[in-house]
Amino acid sequence: VISYSRRIDALCKKGQISEAMKMFREMEEKGSPPDSYTYNILINGLCKDAQLEMGVSLMDEMQARGFSPTVITYTTLIHGFCTAGRIDAAMDVLDEMKRRGIAPNTVTYTALIQGLCERGEVETAVQVLKEMKLRGNECRPNVVTYTQLIHGLCQKGLLEMGIEFLDEMIISGCFPNNATYTALIHGLCQQGRFTEAAVLVNEMVAIGCELDVVIYNSLIDGLCKMGELDFAREMQTLMVEKGMAPDVFTYTSLIQGLCDAGLLDEALGLMQEMRGKGIVPNSVTYTTLINGFTQADRTEHALQLLNEMKSKGLIPA
RNA sequence: CGCAAAGUAUG
């Protein structure tokens, strides 16, 4: 059962849902019927594939078979509905799990916060966090909870509020990590508030976080979007000096910056440079360049890049 | 530790 479940999980995570379903049904015949783990795995796969109703009927099926849905089953569905923007349906699932005596935990509420933020229901998300703190124990907010909330706030442009929650989490003894700081640094950079982003960079180093490639990429992207291409390149040099390898995100940001500045041939040069470092341009990189050339009315070059992309088996992003 | 939640590039 375990090896079947592992294989089904792997298929789901590769997006091969129908293959996963087939294997799931096959388990019966081979005499090792699915258990509640297997059901949860497949329900998660269905949710990630936006097949929410199918996920719900699978939960009904597991119940009919005598496996009670667990907190993981319900949380998986809540996360699925939240990701689909169906907060009301997520709330229904939450009510049902409570009715059945299954206690929501930190993960459950964190999924809910994500959905609420994406729907712009920021105040409700903050309320959920408060409730988590009141309940404590299994519901106590952790670094993921705070990061999720901060990320959601930053995406809505509510940076000041995000910074307040950064302070709050530290005060409550929950240590921010790179994901937490990335949410804020990225948000600040997107608004051109590079100086404030740099302050947070210093802060994170001071508390013992290592600057990773994602942080550097966020800073480089911000500088590019501000038109500060020289500073962006300096930042790239700095990251290399610190032992961090630029990746396809780094280069695509730089290429975008050059395209925006009308420096298309320089942008092509960067694609060569990245290739020279063994970094393979992906469909986003190509799309960035193609759009740049198109907007500059260098359509022939854009088409050439499009063909090159297709010849490498890449689908336009 | 067979299963659920968080950070960066184009559109």
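Numbers restart at 1 for each chain; the letters A, B, ... are given by sequence-line order, proteins then strands.
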Quiz prompt | Side-chain ion pair, A:Lys22 and A:Glu19, N-O less than 4.0 Å | solution = yes
Pair up each side-chain donor or acceptor in residues 221-231 of chain A with any protein partner under 3.5 Å, not counting sequence neighbours, and list the distances.
{"residue": "A:Asp221", "atom": "OD1", "partner": "A:Lys225", "partner atom": "NZ", "Å": "2.9"}
{"residue": "A:Asp221", "atom": "OD1", "partner": "A:Ser253", "partner atom": "OG", "Å": "3.0"}
{"residue": "A:Asp221", "atom": "OD2", "partner": "A:Gln190", "partner atom": "NE2", "Å": "3.1"}
{"residue": "A:Asp221", "atom": "OD2", "partner": "A:Lys225", "partner atom": "NZ", "Å": "2.8"}

Quiz item: Which pairs with one or both residues in residues 238-275 of chain A pass ring-ring contact (aromatic ring centres under 6.0 Å, His included), sequence neighbours excluded?
Solution: none
Quiz prompt | Residues from residues 265-283 of chain A lying under 4.0 Å of RNA chain B - heavy atoms | solution = A:Asn282
Quiz item: Is the closest side-chain donor-acceptor distance between A:Asn40 and A:Thr73 under 3.5 Å?
Solution: yes
Self-check item: Strand-adjacent residues in residues 175-198 of chain A, judged by heavy atoms under 4.0 Å from RNA chain B
Solution: A:Asn177, A:Asn178, A:Ala179, A:Thr182, A:Ala183, A:His186
Quiz item: Does a sphere of radius 6.0 Å around NZ in A:Lys242 hold more than 12 heavy atoms from other residues, nucleotides or ligands, not counting ones at 6.0 Å or beyond?
Solution: no
Quiz item: Between residues 307-315 of chain A and RNA chain B, which residues have a heavy-atom gap below 4.0 Å?
Solution: none
Quiz item: Between A:Phe67 and A:Arg65, is there a cation-pi geometry (under 6.0 Å to ring centre, at most 45° from the normal)?
Solution: no
Quiz item: Between A:Glu308 and A:Arg275, is there a side-chain N and carboxylate O pair less than 4.0 Å apart?
Solution: yes
Exercise. Give a yes or no on whether the backbone of A:Ala179 and the side-chain of A:Thr147 come within a donor-acceptor separation of less than 3.5 Å.
Key: no
Quiz item: Going by distance alone, is a donor N or O of one side chain under 3.5 Å from an acceptor N or O of the other, for A:Thr285 and A:Thr252?
Solution: yes
Quiz item: Going 5' to 3' on RNA chain B, which nucleotide is the first and which the last to come under 4.0 Å of a heavy atom in chain A?
Solution: B:G2 to B:G11
Practice problem: Name every residue in residues 124-143 of chain A that has at least one heavy atom under 4.0 Å from any atom of RNA chain B, in order of residue number, or write none if there are no such residues. | Solution: A:Asn142
Self-check item: Pairs flagged by ring-ring contact (aromatic ring centres under 6.0 Å, His included) wherever residues 16-64 of chain A is involved - sequence neighbours left out
Solution: A:Phe24-A:Tyr39
Quiz item: Does any pair with a residue in residues 111-125 of chain A pass side-chain hydrogen bond (donor to acceptor under 3.5 Å, both in side chains), and if so which ones, sequence neighbours excluded?
Solution: A:His79-A:Gln114
Quiz item: What is the nucleic acid contact for A:Thr75, judged by heavy atoms within less than 4.0 Å: base, sugar-phosphate only, or nothing?
Solution: base
Exercise answer: donor-acceptor pairs, residues 128-137 of chain A side-chain atoms, under 3.5 Å, sequence neighbours excluded:
{"residue": "A:Glu131", "atom": "OE2", "partner": "A:Arg135", "partner atom": "NE", "Å": "3.3"}
{"residue": "A:Lys133", "atom": "NZ", "partner": "A:Glu168", "partner atom": "OE2", "Å": "2.4"}

Self-check item: Residue pairs fulfilling side-chain hydrogen bond (donor to acceptor under 3.5 Å, both in side chains) with at least one residue in residues 289-305 of chain A, sequence neighbours excluded
Solution: A:Asp265-A:Arg298
Practice problem: Could you state whether A:Leu211 and A:Leu238 fall into the same hydrophobic cluster, counting links through intermediate Ile, Leu, Val, Met, Phe, Trp or Tyr residues with side-chain heavy atoms under 4.5 angstrom apart? | Solution: yes
Self-check item: Contacts of A:Glu266 that satisfy salt bridge (charged side-chain N to carboxylate O under 4.0 Å, His left out) - sequence neighbours left out
Solution: none
Practice problem: Assign A:Ser5 to base, sugar-phosphate, or nothing according to its heavy-atom contacts below 4.0 angstrom with the strands shown. | Solution: base
Self-check item: P gap between B:C1 and B:A5, integer Å
Solution: 14 Å
